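Note sheet for the following structure.
A note on names: the letters A, B, ... follow the listed sequences, proteins ahead of strands, and every chain is numbered from 1. Quantities reported herein were computed from a predicted structural model and do not represent experimental measurements.
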2 protein chains.
Amino acid sequence: MSQPAEGWLERLQTNGYRLTGSRRAVVKIIAGSSKILTPLDVFEQARASHPGIGLVTVYRTLDKLEQLGLIQRVHQPSGCQAFAAALNGHQHLLICQRCGKVRYFSGDHLDGLVGNVEEESGFRVHEHWLQLFGLCNDCRN
Amino acid sequence: MSQPAEGWLERLQTNGYRLTGSRRAVVKIIAGSSKILTPLDVFEQARASHPGIGLVTVYRTLDKLEQLGLIQRVHQPSGCQAFAAALNGHQHLLICQRCGKVRYFSGDHLDGLVGNVEEESGFRVHEHWLQLFGLCNDCRN
DNA sequence: TTACTTGCAAACGTTTTGCACGATT
DNA sequence: AATCGTGCAAAACGTTTGCAAGTAA
């Protein structure tokens, strides 16, 4: 099992959740994936190591992981059902539209822009999304 | 009926679609709205001017308007069912999280950032989303 | 032992489809 | 007149909920 999965299980436990076979299976899948996964993807992959798991449990576990900030929902032009492992701190997403591979990047300099927009619009901005979509090295061929 | 609605109806017609009471009602609602609207919102508002309209027709008309680039789906942390009138050319969204009011802005300088990210990641970027979420002047109180 | 977690079945809200009738061109 | 569009009902889809049985602590 990958490094992050261990930490995730610990986080679940210290937050009062029990460690069960189903939860271990779900955590193992998403924590170890570099691609975005839908609940159904997770369900199908988790069944390999934990055959009796139910889709409902996948949904419930994903909810908890999202609440703990360990995963986040990824919105795309093609749909918004997939999740990716989350990073600490504010990062932006780069997503391969063919295979679903995700990368995070930082280094946007939006403070000035946000200030300008606030002034012109009268809005107060609380959050922003910056996402890049394209094809990864492997999928470009 | 507002100015944009006229142009939208023309666009529908020149693309081979017939002008019907239902379509006029749907176009009138979204073309004239500064807020994002779900299909159900459109349905309820359209019933005022066209009582017999069905929700299915709203869905079908929204599909066509989206294909023609006249409206676009707006993704938010709270959901992705709403649509907004689209602008010509590439613009970014500013959305009020309380009332759904949308504004467009330009002036992002992301070319350099995109170039850096492409170089570091090996991805080829084809599209980007930049969205700001906050509260508009009216909703800040 | 207790409370939490599970999988199943059923319910739910949203969106899509099949179809016969109606309307636009 | 021919084709396209409509509304209804039903189906499909992803997700959530109720519940009795099972399991971690």
Side-chain donor-acceptor pairs under 3.5 Å in residues 128-141 of chain A, sequence neighbours left out?
from	atom 1	to	atom 2	distance (Å)
A:His128	NE2	A:His90	NE2	3.3
A:Gln131	NE2	A:His75	O	2.9
A:Asp138	OD2	A:Lys101	NZ	3.2
A:Arg140	NH2	B:Gly122	O	2.5

Run the side-chain donor-acceptor check on residues 46-54 of chain A: report pairs under 3.5 Å with partners two or more places apart or on a different chain.
from	atom 1	to	atom 2	distance (Å)
A:Ser49	OG	A:Ala46	O	3.4
A:His50	NE2	A:Ser22	OG	3.3

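Atom P of nucleotide C:dC4 and atom CG of A:Asn15 are separated by 14 Å, given to the nearest angstrom. With rounding to whole Å, A:Leu12 atom CG is found 16 Å from D:dT23 atom C1'. If you measure from atom NE2 of A:His50 to atom P of C:dT5, you get 14 Å, rounded to the nearest angstrom. With rounding to whole Å, B:Leu62 atom CG is found 14 Å from C:dT14 atom P. One can place CZ of B:Phe43 at 12 Å from P of C:dT14, the figure rounded to the nearest angstrom. Distance B:Phe83 CZ to C:dT14 P: 14 Å, rounded to the nearest Å.
Here A:Asp111 contributes atom CG and A:Asn116 contributes atom CG; the two are 11.0 Å apart, rounded to the nearest 0.5 Å. Atom CZ of A:Arg11 and atom CD of A:Glu6 lie 15.0 Å apart (nearest 0.5 Å). Separation of atoms CG (B:Leu65) and OH (B:Tyr17) is listed at 9.5 Å; rounding is to 0.5 Å.
Residue contacts for B:Arg60: at a heavy-atom cut-off of 4.0 Å it reaches a base atom on one of the strands shown.
Remark: B:Lys64 NZ is packed, more than 12 non-hydrogen atoms of other residues, nucleotides or ligands lying under 6.0 Å away. Shown here is A:Glu10, whose CD atom has no more than 12 heavy atoms of other residues, nucleotides or ligands within 6.0 Å. Residue B:His126 places its NE2 atom among more than 12 non-hydrogen atoms of other residues, nucleotides or ligands, all under 6.0 Å distant. Taking a 6.0 Å sphere around CD of A:Glu66, one finds it holds more than 12 heavy atoms contributed by other residues, nucleotides or ligands.
Computed from C1' positions of five pairs at each end, the angle between the two local axes of the helix from C:dT1-D:dA25 to C:dT25-D:dA1 equals 40°, rounded to 10 degrees.
Taking A:Phe105 as the reference, A:His92 meet the ring-ring contact (aromatic ring centres under 6.0 Å, His included) condition, with sequence neighbours excluded.
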Would you check, one step at a time, whether the test side-chain contact (heavy atoms from CB on, under 4.5 Å) holds for A:Val102 with A:Lys35?
CA-CA 6 Å; A:Val102 283; A:Lys35 300 183 179 184; over 6 Å; no
What string of B, S and - do you get for nucleotides 20-25 of chain C, 5' to 3', when a contact is any protein heavy atom under 4.0 Å?
---BBS
Under 4.0 Å protein heavy-atom contacts per nucleotide of nucleotides 9-15 of chain D, with B for base, S for backbone only and - for none:
B----SS
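OP1 or OP2 of C:dT5 has not a single side-chain nitrogen or oxygen of A:Thr57 nearer than 4.0 Å.
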